[in-house]
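A quick write-up on the structure given underneath.
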Amino acid sequence: MAKYTIKNDIDECIGCAACAAICSNWEMVEVNGDEKAKPLKTEIDDSELEDNKEAAESCPVEAIHIVDKETGKKII
Ligand code: SF4
């Protein structure tokens, strides 16, 4: 069962593609003519946490956040 929820702020995203280069859960899509990152899965488990955390850490505008579903605590 998924333990974490991924939230991404698409308005903040500057389309640098750093997250997509690091983690296969992220892909670049076109939104209204701009390149934006989008997660394939917004619900992940422990085995997917590290990669997605690295993607979030790589984001220069802190547009990616991961929340623990059980505690509601923001991991990043
Ligand atoms: S690293 Fe951040 S700014 Fe760059 S594409 Fe991913 S979400 Fe967007």
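Computed over heavy atoms, backbone and side chain alike; hydrogens, waters and symmetry mates excluded. Whatever order the structure lists them in is the order used to number ligands and atoms, beginning at 1.
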Looking only at heavy atoms, which two atoms of Ile14 and Pro60 are closest? And how far apart?
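In this case the closest contact between Ile14 and Pro60 is CD1-CG, 4.0 Å.
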**Q.** Test side-chain hydrogen bond (donor to acceptor under 3.5 Å, both in side chains) applied to Asn8 - qualifying residues, sequence neighbours left out
**A.**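 With sequence neighbours excluded, Asn8 shows a side-chain hydrogen bond (donor to acceptor under 3.5 Å, both in side chains) to no residue whatsoever.
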So which protein N/O/S atoms does atom 6 (Fe) of ligand 1 have within less than 2.8 Å?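 Sorted hits: Cys19 SG.
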Is any NZ, NE, NH1 or NH2 atom of the basic residue among Lys3 and Asp68 found under 4.0 Å from an Asp or Glu carboxylate oxygen of the other?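 No, this pair does not count.
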*asked:* As an exercise, identify every atom of ligand 1 less than 4.0 angstrom from a heavy atom of Val61.
replied: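 Those atoms are 3 (S).
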| message | A side-chain contact here means heavy atoms from C-beta on lying under 4.5 Å apart; do Val31 and Ile10 qualify? | response |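 Val31 vs Ile10: side chains touch.
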- Task: Give every residue pair that meets the salt bridge (Lys or Arg N to Asp or Glu O under 4.0 Å) criterion with at least one member in residues 26-44, sequence neighbours excluded.
- Result: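 Output for this query lists Lys41-Glu48, Glu43-Lys69.
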In the hydrophobic clustering that connects Ile, Leu, Val, Met, Phe, Trp and Tyr at side-chain heavy-atom distances below 4.5 Å, which members other than Ile76 occupy its cluster, ordered by chain and number?
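For the cluster that includes Ile76, the remaining residues are Tyr4, Ile6, Trp26, Ile44, Leu49, Ile64, Ile66, Ile75.
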